[in-house]
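The next block holds one structure in the form of structure tokens; read it before the comments.
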There are 2 protein chains.
Amino acid sequence: MSKEVGTEDFLRTIGALNDETRLRILRFIDLYGPVCVCDIEAAFGMIQSRISRHLKILKEAKFLTVERRGHWAYYAIRLPLDKFRLDVLKEISYLEMNLPEFKGCCKI
Amino acid sequence: MSKEVGTEDFLRTIGALNDETRLRILRFIDLYGPVCVCDIEAAFGMIQSRISRHLKILKEAKFLTVERRGHWAYYAIRLPLDKFRLDVLKEISYLEMNLPEFKGCCKI
DNA sequence: TTAGTATATCAAGATTTTTTGATGCATGAA
DNA sequence: TTCATGCATCAAAAAATCTTGATATACTAA
């Protein structure tokens with residue numbers, strides 16, 4: 001961040017973090033690298049539209065990027081990440097949260 | 001932060017930041033040192049119950065402390081601030097926000 | 001005591017956000 | 001083509017948050 005100008009971007013970033021599900025998804029992706037939506041869906045036991053929405057919010061807040069490959073959309077931590085978002089990710093890594101296991105679900 | 005355990009504290013911290021008015025109040029207090037509620041009320045042109053509520057949220061998120069002196073309650077940045085909250089305050093200091101002027105309103 | 005001021009809190013309405021289920025759009029296989 | 005799958009998006013209900021006005025508390029001065 002830092003070179004951003006208005007409060008709007010900052011609020012979008014903060015708003016993206018203001019939800020426990022999104023924190024868990026963010027940490028999950030941070031840990032398990034690029035994953036597709038169905039991986040998250042399966043791991044978290046949540047319906048697809050819900051996951052999809054949270055991913056969109058995290059993407060718009062510039063924490064994530066998507067890359068589409070065939071059927072699948074792979075979400076990953078956006079690189080490079082600015083200092084503030086890195087600080088946030090580190091802070092999240094310290095949190096005691098119950099994260100689901102990762103088991104790849106996509107048959108590629 | 002960092003030594004905090006659950007996501008609850010983190011979410012309280014993030015939630016406190018997830019409001020433009022609170023960002024402005026936080027920056028205002030960061031700039032103008034300990035101020036009383038009526039100072040903020042006067043500067044921001046908002047009613048007292050609204051300011052009071054936001055101050056409470058910022059205090060519960062450990063950004064602020066209160067010290068009561070006679071009629072007045074002086075709010076200040078909590079010291080010492082942990083690294084994450086310091087990072088946040090610095091990030092907020094970069095934001096282009098329109099902050100009201102400070103004019104002490106309390107006749108002590 | 002009484003009155004006035006600064007602040008906190010409550011309840012109700014307004015606004016925003018989250019969740020769900022339905023639908024639509026691609027892609028790739030048959 | 002046709003069909004199934006992965007994902008995005010929409011609308012409506014549910015839940016959370018913000019704002020306001022009213023009221024309560026606590027302190028001070030007269």
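Residue numbering restarts at 1 for every chain, and letters A, B, ... go by the order of the sequence lines. No hydrogens, no waters, no symmetry mates; every other heavy atom, side chains included, goes into these values.
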Taking 4.0 Å as the cut-off, does a side-chain nitrogen or oxygen of A:His54 come that near to OP1 or OP2 on C:dT17?
no
A:Arg68 near the nucleic acid: base, sugar-phosphate alone, or nothing, with a heavy-atom cut-off under 4.0 Å? sugar-phosphate
Q | Under 4.0 angstrom between B:Arg53 side-chain N/O and D:dT20 OP1 or OP2 | A | no
Assign each of A:Gly70 and A:Asp19 the nucleotide of DNA chain C bearing its closest heavy atom; nearer the 5' end lies the nucleotide of A:Asp19
A:Leu17 CG to C:dT17 C1', in whole Å, measures 15 Å
B:Lys90 and B:Asp87 ion-paired at < 4.0 Å: no
- Donor-acceptor pair under 3.5 Å: do we get one between B:Gln48's side chain and the base of C:dA8? yes
CD of A:Glu96 to CZ of B:Phe10, rounded to nearest 0.5 Å, is 15.0 Å
Closest of C:dA8, D:dC7, C:dT18 to the B:Val37 side chain is C:dA8
Rounded to whole Å, CD1 of A:Ile57 lies from P of C:dT17 at a distance of 9 Å
**Item:** Cation-pi check, B:Arg85 onto B:Phe63 ring (under 6.0 Å, within 45° of axis)
**Value:** yes
### Task
Assess B:Arg68 against B:Tyr74: is NZ or CZ under 6.0 Å from the centre of the six-membered ring, and within 45 degrees of the ring's axis?
no
Of the candidates D:dC18, C:dT7, D:dT20, the side chain of B:Cys36 sits closest to C:dT7
Does B:Lys56 have a side-chain nitrogen or oxygen under 4.0 Å from the phosphate oxygens OP1 or OP2 of C:dT9? yes
Rounded to whole Å, OH of B:Tyr74 lies from P of C:dA6 at a distance of 11 Å
The reported gap from CG in B:Asp19 to CD1 in B:Ile25 (rounded to nearest 0.5 angstrom) is 8.0 Å
Rounded to whole Å, the NE2-C1' distance (A:His71 to D:dC7) equals 11 Å
* Is any side-chain N or O of B:Tyr75 closer than 4.0 Å to OP1 or OP2 of C:dA8? -> yes
Quick note, A:Ser52 side chain, CB onward, closest among D:dT19, C:dT7, D:dT9 is D:dT9
When rounded to whole Å, the CD1 to C1' distance for the pair A:Ile47 and C:dT20 reads 5 Å
In whole angstroms, the gap separating P of D:dC18 from CD1 of B:Ile51 amounts to 13 Å
Between CD of B:Glu20 and P of D:dT17 the distance, given in whole Å, is 19 Å
Rounded to whole Å, the CD-P distance (A:Glu60 to C:dT18) equals 12 Å
